[in-house]
Amino acid sequence: MVVVMQAGASEEQIQRVIDRLVSLGFDVHRSTGVKHTVLGAVGVHPEFDPRDIELLDGVREVVRITQPYKLASRAFRPEGTVVELGKNVQVGGTDVVVMAGPCAVESADQIRRIAEQVARLGAKVLRGGAFKPRTSPYTFQGLGEKGLAMLREAADRNGQLVVSEVMDPSQISMMLPYVDLFQVGARNMQNYHLLRALGTVTRPVLLKRGMSATIEELLLSAEYIMAGGNYDVILCERGIRTFENYTRNTLDIAAIPVIKKLSHLPIIADPSHGTGRRDKVAPMARAAVAAGADGLLIEVHHEPERALSDGAQSLYVEQFAQLMAELRIIAPAVGRRIA
Ligand code: PEP
Ligand code: MN
């Protein structure tokens with residue numbers, strides 16, 4: 001249930017509603033918007049009568065939400081959420097934020113070269129995995145903490161922020177000094193221990209859609225993080241598994257406008273994993289921006305044929321440059337801007 005307070009409701013009135021909800025057994029999450037304070041009441045209390053709250057002073061309306069997620073629902077923050085990654089980088093505002101870099105950090109030299117090039121072309125966030133969830137245990141698994149240090153150093157040289165994947169709750173505190181955005185990979189979207197642990201940190205989370213997850217399941221996974229108090233969640237459409245096997249996955253572009261309607265959380269697209277083929281990345285990146293994506297996550301490598309993972313879907317730097325130029329034309333057509 002969501003309680004929308006009147007514009008100008010006093011702090012005392014808001015507090016009285018919170019106290020009442022708590023006494024009725026609800027878990028209360030508060031969102032202070034520009035005009036209205038909205039209270040998300042989480043919990044199942046079938047005997048509850050909404051009029052008990054509707055009649056309290058300062059309450060504008062009580063909205064019963066039938067979706068199983070509450071904090072992630074659009075009603076909780078009708079104006080939308082802007083996640084601040086760093087001083088000048090906000091996801092969910094006017095800017096479309098581009099995050100680019102290799103699939104994995106492979107060496108200090110590799111990540112430095114790529115960081116410099118993608119930063120020059122406008123990528124505000126440097127990506128690179130240090131813990132790689134590989135399908136086979138015999139393939140490159142990532143450089144771990146050493147890789148994170150290389151990633152941080154390369155990003156700092158170019159004034160970039162860092163996104164990298166966390167695979168286990170035990171890695172969170174070690175990773176804090178290195179990352180600005182924790183990535184939860186598709187394979188971990190329903191790792192509830194990990195989601196709960198990320199709910200307790202004050203660092204934004206990029207939550208990727210599982211390869212066989214519905215949109216509702218994705219939003220429920222976001223709810224796990226938010227229920228712990230961390231509301232800085234960015235969703236990512238990265239392709240789902242369908243009967244089509246020409247592409248590695250099927251990038252569900254429709255998920256972008258659907259999620260925009262159902263949720264207030266920003267949503268970005270990953271056309272690299274979404275297609276698995278370098279030649280299909282740019283068209284899908286352009287489509288995602290046209291469809292309203294708040295950002296992109298793109299794999300770029302200075303020598304894709306030598307990449308230790310996902311070389312076939314990594315753009316050459318020249319291709320990334322061309323794509324950025326195209327996006328700078330498309331974004332304004334849909335009221336956005338490339339940061
Ligand atoms: C990645 O971003 O490199 C990655 C492993 O993505 P996903 O979890 O979407 O497969
Ligand atoms: Mn990859």
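Residue numbers start at 1 and run along the sequence shown. Remember, it's 1-based here, ligands and their atoms both numbered in the order they're listed.
- With ligand atoms numbered from 1 in the order given, ligand 1 contributes 8 (O) to contacts under 4.0 Å with heavy atoms of Gly185.
- Of all atoms in ligand 1, listed by their number and element, those nearer than 4.0 Å to a heavy atom of Lys132 are 1 (C), 3 (O), 5 (C).
- The closest approach between any non-hydrogen atom of Gln183 and ligand 1 is below 4.0 Å.
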Practice task
Go through the steps for His273 and Gln313 under the test side-chain hydrogen bond (donor to acceptor under 3.5 Å, both in side chains), then give the verdict.
Solution key: CA-CA 7 Å; His273 294 87; Gln313 66 190 37; 3.2 Å; yes
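- Distances from ligand 1 to the non-hydrogen atoms of Gly129 include no value under 4.0 Å.
- A salt bridge between Glu223 and Lys70 is absent, with no side-chain N of the basic residue lying under 4.0 Å from a carboxylate O of the acidic one.
- Using a 4.0 Å cut-off between heavy atoms, Arg127 contacts ligand 1 through its side chain alone, with no backbone atom that close.
- Of all atoms in ligand 1, numbered sequentially from 1 with element shown, those under 4.0 Å from a heavy atom of Cys103 are 3 (O).
- Ligand 1 has a nitrogen or oxygen under 3.5 angstrom from a nitrogen or oxygen of Ala186.
- In this structure, Arg241 places its CZ atom where only 12 or fewer heavy-atom neighbours from other residues, nucleotides or ligands lie under 6.0 Å away.
- Residues Arg209 and Asp252 are paired through a salt bridge, judged by an N-O separation under 4.0 Å between the basic side chain and the carboxylate.
- No donor-acceptor contact under 3.5 angstrom links the side chains of Gln13 and Arg16, judged on distance only.
- Against a heavy-atom cut-off of under 4.0 Å, Glu299 is close to the following atoms of ligand 1: 3 (O).
- Between the choices Arg238, His273, Gln313, the shortest heavy-atom distance to atom 9 (O) of ligand 1 belongs to Arg238.
- The residues Arg278 and Asp310 are annotated as not salt-bridged, no charged nitrogen and carboxylate oxygen being separated by less than 4.0 angstrom.
- Our summary of the site lists the angle at the Mn ion (ligand 2) between OD2 of Asp310 and OE2 of Glu299 as 120°, to the nearest 10 degrees.
- Residue Pro271 is tested with Arg286, Arg277, Met284 for a side-chain contact (heavy atoms from CB on, under 4.5 Å); the sole match is Met284.
- In this structure, Asn230 contributes its side chain and Asp232 its backbone to a donor-acceptor pair below 3.5 Å.
- Checking only distances, Lys208 does come within under 3.5 Å of ligand 1, N or O to N or O.
- Between Arg157 and Glu153, at least one side-chain nitrogen of the basic residue sits less than 4.0 Å from a carboxylate oxygen of the acidic one, meeting the salt-bridge criterion.
- Checked against a 3.5 angstrom limit, the closest N/O atoms of Asp270 and ligand 1 fall outside it.
- The closest protein non-hydrogen atom to atom 5 (C) of ligand 1 is Glu165 OE1, 3.7 Å.
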